[in-house]
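A short worksheet on the structure shown next.
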Amino acid sequence: MANKNPLLSQMSSDNSSFVDFIENKLMKIIKAYQEKHSRPVYTMSFGYTSHPLPATAVKAMSDYSLGLGEAETYTSYEPVTGNNELKQALTNRYQQKFTVALDVDEIFITDGAQLICSAIQELFSQDSVIALQDPGYPAFIEGIKLTGRRYLSLPCYEENGFIPKPPKEKVDILCLCFPNNPTGQSATFEQLQAFVDYALENQAVIIFDATYQSFISTENIPRSIYEIEGAKKCAIEISSFSKEASFTGLRVGWCIIPKTLMIKDSKENELHKMWSMQHQIKYWGPSNIAQRGALALLSEEGQQESQAIVDYYLQNAKLLRQGLKSLGLRCFGAVDNPYLWVKVIAEMDEWEFFEYLMHHTGLVGTPGSMFGLAGTGYLRLSAFGSREEIVRAMNNLPASFPDEIG
Ligand code: PLP
């Protein structure tokens, strides 16, 4: 019998998830527009990556796949929390890049970050109150709504530089994502320290989504929550190879649960053990082929190739930002981040602006309210498309908008 979960009706006003909205509603609008107009349309609403995979990962995966067809080199299940070499290579990356010391066991290899954004909430009791950024990555809020937990929003406006302060109220879980999708902002050491201090004082836990950590090149911006003092006692980190190495289709990410992490009534190591149990019962991680590809990414050559991919997307982001700024639009993000957060022209609502931009420039973004109420009045553009398309779109921009921008 179908699970008629009444909470599903809270997902959005028209009962759809974010992915549903993008794949169906938004695509229908674009299609309808294209049927009426012959102008080119550049769809930049999605996080779909376009740059081909790093060659080292491709080779590692093809060699490994061929080996699976031979008796001598065939392998069966990977360890349930992930390939040990991959976990070791990740601890090396944390040590070398962020000066963060992790135990290999503290890392769990996952099939990307998406599932974990909501599944990690299962570690905590049903009456836990959650605070989360608004606007924010939809999987967090959708995960909360599916379970019916109470939550409060931490609004991210231009006035607070899109970085909220810790809540005044007491909450049990804080969901944070930096560099942020969709606003494109990164938090400073001080800003994150305030959240860690809050969590320690209130025996709360931080769920930190660091999916875009490799996009940060500005000095003195933390890339992992564990760069913040005290975070290993109160934070879980989620991250992924999806965007930094175009691994979206391969599905490899990771989740870090320090053994020292404790919340009010838990004992040391308890949350870590509970998450190991979840892996044993439900997940078992990505395919052994994809894990070999991820391992290759962490070789010296793989890291250089991944960096080239990150630079490619960042250059796309820069071109987008320059192009839209030249039209007089107020733009945020797209530095240390592949997303441009564009303020809607004053006298329009965001759907009017969405259509106006599509009509005058061919650019299709995602209206900001799809990421939360406080995102209303903005539009997100993704820089994950191909350079050719971005350049074509920017070359096709008009010199100015026909109407005056308010
Ligand atoms: N978290 C954030 C902030 C994201 O932007 C995304 C994907 O766009 C994800 C998680 C999910 O990523 P993955 O492909 O690793 O599941």
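Source: prediction; values computed, not measured. Ligands are counted one by one from 1 in listed order, and the atoms in each one are counted from 1 as well. Numbers here are sequence positions counted from 1. What's counted below: heavy atoms across the whole structure, side chains too, no hydrogens, waters or symmetry copies.
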**Fill in**
Those residues with a heavy-atom separation under 4.0 Å from ligand 1 are G112, A113, Q114, Y137, C177, N181, D209, T211, Y212, S240, S242, K243, R251

**Asked** Can you tell me if E227 uses its side chain to pair, donor with acceptor, with the backbone of R223 under 3.5 Å?
**Response** yes

**Request:** May I ask you to decide whether K282 forms a salt bridge with E122, counting only side-chain N to carboxylate O separations under 4.0 Å?
**Result:** yes

**Prompt:** Do any N or O atoms from the side chain of T248 and from the backbone of Y48 form a donor-acceptor pair under 3.5 angstrom?
**Reply:** no

**Request:** May I ask you to decide if Y157's main-chain N or O and N160's side chain share a donor-acceptor pair within less than 3.5 Å?
**Result:** yes

**Prompt:** Are the aromatic rings of Y313 and Y339 close, with centres under 6.0 Å apart?
**Reply:** no

**Item:** Charged tip of K243 within 45° of F384 ring normal and under 6.0 Å
**Value:** yes

